[in-house]
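Notes to accompany the following structure.
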Number of protein chains: 4
Amino acid sequence: MIGEDKPREECGLFGAFNHPDSAKMCYFGLYALQHRGQESAGIAVADGGAIDEYKGMGLVPDVFDMDILEGLNGSSSVGHVRYSTTGSSVVANAQPLVVRHRNRAYAVAHNGNLVNAHHVKAELEDAGSIFQTTMDSEVFLHLFVRSLHLGFEEALKASVARLKGAFSMVVLTSRGELIGIKDPHGFRPLCLGKLNGSWVLASETCALDLVQAEFVRELDPGEIVIISRDGVKSIRTNTPNRRAFCIFEFIYFARPDSTFFGHNVYLTRKAHGRRLAEEAPVDADLVMPFPDSGTYAALGYSEASGIPFETGMIRNHYVGRTFIQPTQSMRDFGVRVKLNPIKELLKGKDIIIIEDSIIRGTTVKTRVKALRELGVKRVHLRVSGPAHRFPCHYGIDFSTKGELIAARMNVAELRDHLGLDSLYYLSLEGLLASTGIDNPVDHFCKACFDGCYPVQFDDNLSKHCMEVRRTP
Amino acid sequence: MIGEDKPREECGLFGAFNHPDSAKMCYFGLYALQHRGQESAGIAVADGGAIDEYKGMGLVPDVFDMDILEGLNGSSSVGHVRYSTTGSSVVANAQPLVVRHRNRAYAVAHNGNLVNAHHVKAELEDAGSIFQTTMDSEVFLHLFVRSLHLGFEEALKASVARLKGAFSMVVLTSRGELIGIKDPHGFRPLCLGKLNGSWVLASETCALDLVQAEFVRELDPGEIVIISRDGVKSIRTNTPNRRAFCIFEFIYFARPDSTFFGHNVYLTRKAHGRRLAEEAPVDADLVMPFPDSGTYAALGYSEASGIPFETGMIRNHYVGRTFIQPTQSMRDFGVRVKLNPIKELLKGKDIIIIEDSIIRGTTVKTRVKALRELGVKRVHLRVSGPAHRFPCHYGIDFSTKGELIAARMNVAELRDHLGLDSLYYLSLEGLLASTGIDNPVDHFCKACFDGCYPVQFDDNLSKHCMEVRRTP
Amino acid sequence: MIGEDKPREECGLFGAFNHPDSAKMCYFGLYALQHRGQESAGIAVADGGAIDEYKGMGLVPDVFDMDILEGLNGSSSVGHVRYSTTGSSVVANAQPLVVRHRNRAYAVAHNGNLVNAHHVKAELEDAGSIFQTTMDSEVFLHLFVRSLHLGFEEALKASVARLKGAFSMVVLTSRGELIGIKDPHGFRPLCLGKLNGSWVLASETCALDLVQAEFVRELDPGEIVIISRDGVKSIRTNTPNRRAFCIFEFIYFARPDSTFFGHNVYLTRKAHGRRLAEEAPVDADLVMPFPDSGTYAALGYSEASGIPFETGMIRNHYVGRTFIQPTQSMRDFGVRVKLNPIKELLKGKDIIIIEDSIIRGTTVKTRVKALRELGVKRVHLRVSGPAHRFPCHYGIDFSTKGELIAARMNVAELRDHLGLDSLYYLSLEGLLASTGIDNPVDHFCKACFDGCYPVQFDDNLSKHCMEVRRTP
Amino acid sequence: MIGEDKPREECGLFGAFNHPDSAKMCYFGLYALQHRGQESAGIAVADGGAIDEYKGMGLVPDVFDMDILEGLNGSSSVGHVRYSTTGSSVVANAQPLVVRHRNRAYAVAHNGNLVNAHHVKAELEDAGSIFQTTMDSEVFLHLFVRSLHLGFEEALKASVARLKGAFSMVVLTSRGELIGIKDPHGFRPLCLGKLNGSWVLASETCALDLVQAEFVRELDPGEIVIISRDGVKSIRTNTPNRRAFCIFEFIYFARPDSTFFGHNVYLTRKAHGRRLAEEAPVDADLVMPFPDSGTYAALGYSEASGIPFETGMIRNHYVGRTFIQPTQSMRDFGVRVKLNPIKELLKGKDIIIIEDSIIRGTTVKTRVKALRELGVKRVHLRVSGPAHRFPCHYGIDFSTKGELIAARMNVAELRDHLGLDSLYYLSLEGLLASTGIDNPVDHFCKACFDGCYPVQFDDNLSKHCMEVRRTP
C-alpha cells in the first residue's frame with residue numbers, strides 16, 4: 001500500500017515472447033510490479049494476426065480472473081500497470097493502448113513522460129490525424145504508422161527519434177513481435193530476461209524472479225530491441241554521453257528485491273542508512289521507521305550505530321481505499337486509524353525515525369504529534385536522501401514545486417514545523433557514494449534534488465539549474 | 001493478511017452505548033479488530049424501539065460506506081467481524097444475529113464456541129422452536145425468550161447458565177441497552193471502555209485506542225454487564241477457581257498494540273523471543289521472521305543473542321484472494337508469488353528463522369526449500385511457543401488433530417521433514433514464565449499444547465489429558 | 001406489464017413431484033404464471049434429505065439462469081412468484097419460505113391472506129417462538145412444527161384448522177413430499193396436473209399447458225393433497241356450503257388461456273363484452289381497449305354490436321421500471337410515454353373504450369384527456385364488470401376504500417370526473433350470467449363489488465354487508 | 001420485443017438543439033425509437049466547448065438513470081439506439097461516436113450502411129490515419145477532419161460527397177451545432193421538428209409526438225441541415241432523379257403511430273390488409289395475426305372480408321433475453337413458451353393468419369405445427385408484402401440470400417414446407433398501390449423484393465437486377 005505522502009511511480013511494464021501461457025506470464029509479471037501502479041492493469045496478446053486485450057481499474061488480481069486469462073490466447077503478450085490517482089482515474093487511460101492499422105494491430109505499454117508530446121500531437125492533428133486518448137504512447141503510434149512507408153524498422157527508428165523525454169516502452173505487434181524501447185538517457189528501467197525458449201521484458205528484475213526467468217541484461221539507453229522468430233535484434237540510436245537513471249528508484253520506488261546495475265536495492269538502502277548514521281549520529285534508545293517507509297535504511301542505521309531497531313508503530317493491514325472519515329463528534333484520531341504506536345515501548349524514550357523522503361510533510365507532522373502525545377521524549381528524524389526541492393518532468397507525480405515543503409523551508413525551519421528535536425537529510429554526495437556504483441554522477445538523474453534537468457523541457461531550464469548549483 | 005498456515009480466530013466484538021455517532025464508532029472499532037475476522041462484518045443499531053442492521057461479506061471498509069453508516073441511526077450499537085474460511089462463507093452466517101420477538105428486538109454478537117449447543121438446540125426444537133441459523137448465538141436467544149416470563153435480568157442469567165464452553169458476547173436490545181457477557185472461564189477477551197458519556201465494549205484494547213476511549217477494565221469470567229440509562233450494572237455468576245484465557249492471544253491472535261492483564265502483547269512477544277534465545281542459542285549470520293509471523297519474537301531473539309535482525313524475504317503487499325494459480329507449463333514458482341527472498345543478503349549465510357507456530361507445516365516447508373535453492377547455507381528454526389498437538393474446542397479453527405503436524409512427528413522427525421538444520425520449540429514453562437504474569441498456570445488455557453481441556457466436551461476428556469501429561 | 005391502475009394479484013404457485021428436471025419444470029411453471037407476480041421469484045428443491053432454494057428480486061428469467069437451475073437438484077420442487085410493489089420490496093419477503101426443524105426441512109409457497117395471522121402469531125410468541133419474517137406462511141409453519149407430536153398428517157390438519165381467510169399453499173418437505181392446500185372457501189385457484197409419472201400443482205392451467213402436463217382437476221375447497229411415493233392422498237376438511245372463488249380472476253387476473261370450472265377465460269371475457277353491448281349499446285365509429293386491459297371484452301363488444309374493433313393507442317413495448325420522469329421544463333407529456341394514440345385513425349370520431357375495471361381512475365382520466373386533445377369527438381366508456389366499491393381482505397392489493405373512486409362517486413359523477421360522454425358498468429347479474437356457470441352466485445366471492453365478505457375479518461362485517469345489500 | 005424471424009433495423013437517431021433539458025429530450029426521443037434498436041443506447045451533449053457522452057448496452061431505460069442524465073449538461077445533444085444482435089454485441093460499437101480533434105469535438109450518430117466504406121478506409125489508412133472502430137461513421141469523420149482546411153461547411157459537403165450508400169446522420173459539434181444529413185436517395189428516414197425555441201431531428205415522427213415537438217418536414221434526399229445560433233441552414237447536394245425510401249419501414253420497421261410522406265403507418269398497414277383480402281380471399285371462421293406481427297394488416301383483412309378478428313395466441317409478456325432452454329427430458333414445448341393458443345377458440349376452426357413477412361420461415365413453421373396439434377382444421381397464411389428474395393445492402397440485417405426461404409422455394413413449395421392449406425403474398429403492385437402515394441414506384445427502394453438495387457455495390461449489380469426482372 002503506497003504511503004499517502006509519497007511520490008507515485010508512473011507505471012510498470014512486462015512483455016513475454018513465445019510462451020505457451022503468455023497471458024499468465026504477463027499476469028504474474030504485472031503482479032510482481034504492482035507497486036509501480038495500482039490504478040489500472042491491462043494485458044494484450046497477439047493471437048492469429050489480431051490483438052486481444054483486457055484492461056480494468058484496480059489491482060492485477062482484481063482485474064483478471066482465470067476465465068479472462070484463459071480467453072487471452074497467443075504466445076506473445078504485453079502488460080501494464082498504472083499508478084493510482086484520484087481524479088481522472090478512468091479505464092480509457094488504462095494501457096496497453098491497442099490500435100489497428102491496415103491489416104495489423106499494435107499494442108503499446110509506456111513508462112515515463114514525453115516533454116514534447118503536445119507539440120508533436122498538434123502537428124499530427126493539423127495533418128488530419130484523430131487521437132483516441134491523451135496518452136503519450138498514442139503520439140508514438142501516429143508517428144509510427146505515418147512512417148511505415150519507410151519499412152518496419154526504419155519506421156520504429158524514425159518515430160522514436162521524434163520523441164523527447166523519459167520513456168521505456170514495450171510494443172507488441174499482431175504478428176507476435178515484441179519490441180523494447182528505452183530513451184537515450186535511460187531514465188526508466190527496462191530489462192531483458194530469458195526462460196527456456198521464451199524472452200521476457202520487464203521494468204524490474206523482481207518480475208523476472210517471480211516467473212523464474214533468467215536475467216540477461218538491462219536495455220541500454222537509446223536501444224531498440226526487436227524480438228521475433230528471427231531472434232533478438234538490437235538497434236542502437238544516438239545517445240548523450242551520460243545516463244540519467246532515476247535515483248529515486250533506489251531510494252523508494254523499486255522493490256527491495258530488485259537489482260539495477262548489479263546493485264541490490266535492499267542492500268543499497270541499508271548502505272544509505274549506514275551512511276546516514278555516519279553523517280548524523282545521535283544518542284537514542286531505539287531507531288524505527290514509519291511503516292512502510294525507511295525500513296531498510298533504519299536497519300542500516302541500527303547496524304552502524306548499535307542502537308536497537310524496533311517497529312514501534314503497528315500498521316493496520318486492512319486499510320483500504322473506501323475508508324470512512326471520522327466525524328466531528330469524534331475527537332480527531334488521525335494517525336491511529338492506520339498506525340497505532342506501542343505506548344509501553346515508546347513512552348519516555350529518545351527515538352530516531354528513519355524516512356526515505358518528505359514531500360509535503362503532512363503525514364510526518366501528524367505522526368510526530370501522535371508520538372509526542374504518547375509521551376515520547378525526544379524525536380530525531382533522519383532522511384535517507386537529500387531534500388526534494390524540484391518537481392520531476394519525466395513521469396514522477398511529485399507535487400509541484402509549491403507543494404514540496406523542502407523548497408519552501410530550510411532544514412531548521414522544517415525541523416520546527418514538523419515538531420522534531422533534530423532533522424538531517426543524507427547529503428547528495430553521501431547518497432551517490434553509498435550506491436556503491438563507480439562514477440555515480442554520470443549515471444543518475446537527480447534533478448528533484450538539485451534542479452539539473454538532463455532533458456530540456458523549456459527555455460529557462462539551464463539558467464535554473466546553474467542557479468541551483470550556485471546555492472546548494 | 002492472515003498467513004495460510006495459521007489458526008483462525010473466531011471473531012471480534014464491539015459495542016457502543018450512548019454515542020451520537022454510534023454506528024461509526026462501531027465501524028472504527030471493528031476496523032481495529034479486523035485481524036480477528038475477515039470473512040464478514042456487521043453492525044446493528046437500536047433506533048426508536050427497533051433494530052436496524054447491515055451485514056456483508058468482506059472486510060469492514062468494503063462492506064460499509066458512508067451512506068450505509070449514515071443510514072444506521074441510534075445511539076447504541078453492536079458490531080461483529082467474523083473469520084475467513086473458504087467453504088460455507090455466506091452472509092446468512094454473518095453476525096450480529098438479530099431477532100424480533102413480541103414488540104422487542106435483540107442483536108447478538110458472539111466470540112467463542114459452545115460445547116453443548118447441539119444438545120440444547122435439539123431440546124428446544126422438540127419444544128417447537130424453529131431455528132433460523134446454525135449459529136451458537138441463536139441457541140442463547142431461544143433460551144432467553146423462553147425465559148422472559150422470569151423478567152429481563154433473570155432471563156439473562158437463566159439462559160447464560162445453560163451455556164457451556166467459551167463465549168464472549170455483546171447483546172443489544174431495541175430499547176438501547178448494551179449487555180456484555182463473558183463465560184465462567186474467561187476464554188475469550190472482552191473489555192469495557194469509557195468515552196465522555198459513552199460506554200464501549202471491545203474484544204481488544206487496540207479498538208479502545210482507535211476510538212480514543214479510556215480503558216476501564218476487562219470483564220471478569222462469568223460476569224454479565226448491563227449498560228443502560230441507569231448506568232453500568234454488573235452481575236456475577238458462579239465461576240470455577242481458575243481462569244482459562246487463551247494463551248494464543250498473546251502468541252499470535254491479538255494485535256501487538258493490545259494489552260491483556262496489564263501486559264502489552266508486543267513486549268510479551270519480544271520476551272518470548274529473548275527466552276527462546278536463552279533456551280536454544282545457535283551461531284548464525286542473521287535472524288529473521290517469515291513475514292508476517294514471528295517478527296516481534298525475532299526482535300527479542302536478536303536483542304538477547306546479538307545476532308543482526310534482517311527482513312530477508314520481501315512480501316508482495318498486493319496479494320489478494322482472487323489470485324490465479326500458476327499452470328503446469330510454468331515451473332512451480334510457489335512461495336515467490338507472495339515472498340521474494342533477497343538473494344544478495346542470504347546466499348551462503350547461516351540464518352535463524354523465528355516462527356510463532358506451525359500447524360500443518362506446509363508453508364514452512366516450501367519457504368525453507370526456496371531458501372535452500374537460493375543458496376542459504378544453514379537454516380535454524382526457532383518457534384516462539386510449544387508444539388501444537390491438540391485441537392481447540394473453544395472456537396479456534398485449528399486443524400483437526402490429524403492435520404497438526406506436531407501431533408504426528410517428534411521434533412527430530414519434523415526438523416528433517418521441514419528440511420531444517422535445527423528446530424526448537426519454546427518450552428511451556430518458558431512461555432508461561434516469559435508472559436511476566438504471576439502464577440501464570442492459573443490464568444491460561446493451553447489445551448492446544450498439553451491437551452488439558454478446562455471444559456469437558458465429551459466423556460473421554462479427562463483420560464485424554466492425563467495421558468498427555470504422562471508423555472510430554 | 002401490469003397496468004398502473006390495476007389491482008395486484010398476490011402470487012403464483014407451482015410444484016412438481018418426481019420429475020428428473022424438477023427445478024426447470026418449476027422455472028417454466030413460474031414463467032407461465034409471471035403475470036401473477038413480478039416482484040420476486042423463488043424455487044426450492046428437496047435433495048437428499050435437505051432443501052436447497054434460490055430466490056431473488058425481479059422477473060423469473062432475470063432471477064434464474066442455467067447455472068442456478070442446474071445447481072438445484074432433486075426431483076421435487078416448489079416455486080413462487082410474488083406481486084410487484086414499490087415499498088417493502090425486499091428479498092427477505094420472497095417465497096418459498098424454507099425452515100429447518102429437527103432433521104427435516106419444509107418449504108412453503110403461499111397465495112392469499114390470513115385474516116387471523118396477527119392473533120395466532122402473538123399467541124405463539126408468548127409461548128417462546130421466534131419469527132423470522134412477517135409472512136403469513138410462517139404462522140402456518142410454527143403451528144405445524146408445534147403439532148408434529150400428533151404425527152405428520154394430523155399436524156397438517158391441526159395447523160390448517162387454525163388458519164382463517166384465503167389461502168392456497170404448496171408445501172415441500174425434505175423427504176420430497178409435495179402438499180397442496182386450499183382454504184375451505186376456495187378463494188384462490190390451485191389445480192393438479194399429471195405428466196407421465198410426475199405430478200404438478202399450479203395456480204392456473206396455463207402453467208400446465210406450458211409444461212405439457214395434463215389437467216387432472218382443481219383442488220376442492222378445504223382439501224389437502226399429499227403427493228408422495230405412495231401416490232396422491234386427499235384429505236377433506238370441513239367446508240362451508242358455498243364456494244367463494246375470486247371472480248376477478250375471470251375479469252382481470254388470470255391469463256386468457258387459463259380455464260376455471262371448465263370455462264376458458266378468453267371466451268368468458270368476450271361473453272362479458274357481448275353482455276355489455278346488450279346492456280349498454282351506443283352508436284360509435286369504433287370500439288377499442290386501452291392496452292392492455294379490456295381487449296377480449298372489446299372483441300366481444302365489437303362482435304355483438306357490429307362496431308369495428310381497432311387498437312387505436314400504440315403501446316411502447318419497452319417501458320421499464322427505471323423510467324425517468326419528464327422534468328418541469330418539458331410540458332407534461334404524460335400518457336404518451338407509454339401509449340401514443342393514432343391521430344389519423346381517431347380524430348373526429350365517436351369511440352367506445354372497453355375497460356375491465358377502474359380503481360383510482362387516474363390513468364383513465366389522463367388517457368381520456370389525451371384522446372380529447374387529439375380531437376376525438378365522443379368518448380364512451382364501458383366497463384366489463386361492476387364498480388369496485390369495497391377493499392379486498394383476502395390477498396388482493398386493492399386500494400383502501402378511500403382510494404376506490406367508485407366508492408366515493410356515483411356513476412354520473414364519475415362520468416363527469418373522467419371527462420366521458422357516457423359511462424356504464426356491467427351489472428353484477430350480467431357478469432354472473434355471462435360466466436356461463438350454473439348457479440354462479442354460489443361459486444364466487446364478489447365482496448369487492450357488493451361488500452358481502454365470506455369470511456369474517458372484524459366485528460362490523462355483517463352489518464357492513466347488509467347495509468350494502470340495502471343500497472346496491 | 002422483436003420477433004425472432006424478423007429483419008433488424010440498423011438504428012434510431014435523435015438530436016436536440018437549444019433545449020434546457022437537452023439530454024432528457026434525447027432520452028425520451030430514443031425511448032420512442034427503441035423499436036429501431038435494442039442493443040445499445042448512447043447520448044452525447046455539447047457542454048462548454050467539450051462533448052460529454054454516455055453509452056451502454058441494453059434498452060434506453062436500463063442504460064440511463066436520473067443521475068446519468070443530470071450529469072449530461074448542455075443545450076445540444078445527439079442520441080442513438082442500435083439494433084440487437086448476438087455476436088459482436090459490444091459497447092465499443094455503441095454510438096454516438098465521439099472524436100476530439102484540435103480544440104473541437106464531434107459526435108456522430110448514423111443509420112444506414114455505406115457501400116464504399118471499405119475502400120475509403122483503406123485509402124485513409126495508407127495516408128496514416130488510425131481508426132478506432134469499425135463503424136461507417138468513423139470513415140465520415142476522418143474525411144471531414146482531413147477536409148477542414150476548406151472551412152466547416154465545405155468540409156461537410158466534401159466528405160459527404162465521398163460517401164456511397166444509405167445514410168442518415170446526426171452530427172453534434174462541441175460548439176453546439178446540430179447537423180442533419182441524408183443520403184441522395186433518402187433510404188432512411190430523418191425529419192425535423194420544432195418545440196418552442198428548440199429544434200429536433202428524429203428518425204420517426206413518433207419521437208416528435210412524445211416530446212410534443214411540432215413536425216416541420218422530412219429532410220430531402222441529399223440535404224444537409226446545419227442548426228446553429230444563426231438558425232437552420234439547408235444545403236442541397238446533387239441527387240438522383242428518384243427517391244429510394246425503404247418500403248419495409250411501412251410494412252414492418254416503423255412504429256404504427258409514425259407518418260412518412262404524410263401517410264400514417266397504421267392506416268397504411270390496414271390498407272395492405274384490405275388489398276390482401278381483395279387479392280386473396282378465402283372462406284374461414286376467423287382471421288388473426290401471430291403476435292406481434294401483422295396485427296394491423298389483419299384488422300384490414302377482417303374489415304374488407306367481414307371475417308371476425310381474434311387474438312387467438314396469447315403472448316407471454318415477460319419473455320426476456322435470458323430465457324432458459326427446455327431440456328431433453330421435457331418434450332419440446334417449443335412455441336408455447338412465448339405463445340399459448342386458445343384451444344377453446346381455435347379447435348376445429350378454419351383460420352386465416354396474417355403475417356407481414358417471412359424470412360427464414362422457422363418460426364411460422366413451428367407455430368403452424370402448434371396450431372395443427374391443437375386441432376385447428378384449416379390454416380391459411382396471407383402475407384402483407386411480397387416475398388423476400390434478395391438481401392439488403394443498405395443497412396438492414398436480412399439474412400443472406402441463402403437463408404431467405406423465398407429465394408429457395410416457390411410459393412407452392414413454401415406452402416407445403418410450412419404445413420399450410422394455402423399461402424399468398426401481396427403483389428408488389430398491390431403493395432405500392434395500397435400505400436396511397438402517387439407514383440409510388442419513384443419513391444421506394446424495394447430491392448429486397450425485386451433485386452433492383454438503387455446504388456451499385458459491386459460490378460454484377462445491374463445484370464443481377466435484370467435477370468430478376470426476367471423471372472419474377
Side-chain angles (χ1 to χ4, degrees), chain C residues 1 19-21 24-25 27-28 31-32 34-35 38 59-62 64-66 69 206 209-212 255-257 259 264 266-267 292 295-296 299 302-303 308-314 316-327 329-331 333 336-337 340-345, chain D residues 1 19-21 24-25 27-28 31-32 34-35 38 59-62 64-66 69 206 209-212 255-257 259 263-264 266-267 292 295-296 299 302-303 308-312 314 316-327 329-331 333 336-337 340-345:
Chain C
M1 203 68 54
H19 192 280
D21 287 307
K24 272 174 214 154
M25 285 287 284
Y27 171 89
F28 287 111
Y31 185 82
Q34 185 78 81
H35 61 289
Q38 298 91 44
L59 300 179
V60 174
D62 296 336
F64 294 96
D65 62 26
M66 210 52 171
L69 288 175
C206 66
D209 289 350
L210 180 58
V211 303
Q212 304 205 323
R255 259 180 50 170
D257 48 337
T259 291
N264 167 257
Y266 178 107
L267 294 177
D292 300 312
T295 299
Y296 313 109
L299 286 170
S302 168
E303 189 177 307
F309 171 88
E310 298 277 0
T311 60
M313 297 186 97
I314 302 304
N316 185 330
H317 283 291
Y318 304 100
V319 171
R321 279 188 275 195
T322 57
F323 191 77
I324 300 292
Q325 289 307 311
T327 56
S329 75
M330 306 174 185
R331 277 187 292 155
F333 42 83
R336 302 205 175 177
V337 172
N340 200 21
I342 307 289
K343 184 164 37 180
E344 292 78 357
L345 175 71
Chain D
M1 204 69 51
H19 192 281
D21 287 306
K24 272 174 214 152
M25 285 288 283
Y27 172 89
F28 287 111
Y31 184 83
Q34 184 79 79
H35 61 291
Q38 296 90 46
L59 301 180
V60 174
D62 296 336
F64 294 96
D65 63 25
M66 210 49 172
L69 289 175
C206 66
D209 288 351
L210 180 57
V211 302
Q212 304 205 323
R255 257 178 52 169
D257 49 336
T259 291
H263 291 258
N264 167 256
Y266 178 108
L267 294 177
D292 296 311
T295 300
Y296 313 109
L299 287 170
S302 168
E303 189 177 307
F309 171 90
E310 297 278 359
T311 60
I314 302 302
N316 185 329
H317 282 292
Y318 302 100
V319 172
R321 280 188 275 195
T322 58
F323 191 78
I324 301 292
Q325 288 308 308
T327 57
S329 75
M330 307 175 185
R331 278 187 291 156
F333 42 82
R336 301 205 176 177
V337 172
N340 201 20
I342 307 290
K343 185 165 38 179
E344 292 79 358
L345 174 70

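Protein chains get the first letters and strands the later ones, always in sequence-line order, with residue 1 at the start of each.
Checked by atom type and distance alone, the side chain of Tyr266(C) never pairs as donor or acceptor with a backbone atom of Glu344(D) at under 3.5 Å.
When heavy atoms are compared at a cutoff of 4.5 Å, Thr259(C) approaches chain D solely by way of its side chain, counted from C-beta outward. Contact of Glu303(C) with chain D is made through the side chain alone, with heavy-atom distances under 4.5 Å. Within the 4.5 angstrom heavy-atom criterion, atoms from both the backbone and the side chain of Pro256(C) approach chain D. Both the backbone and the side chain of Phe309(C) come within less than 4.5 Å of a heavy atom of chain D. At a 4.5 Å heavy-atom cutoff, the contact between Leu345(C) and chain D is made by backbone and side-chain atoms alike.
The shortest non-hydrogen separation linking Ile342(D) to Asn264(C) is CG2-OD1, 3.7 Å.
Separation of atoms CD1 (Ile314(C)) and OH (Tyr296(D)) is listed at 3.5 Å; rounding is to 0.5 Å.
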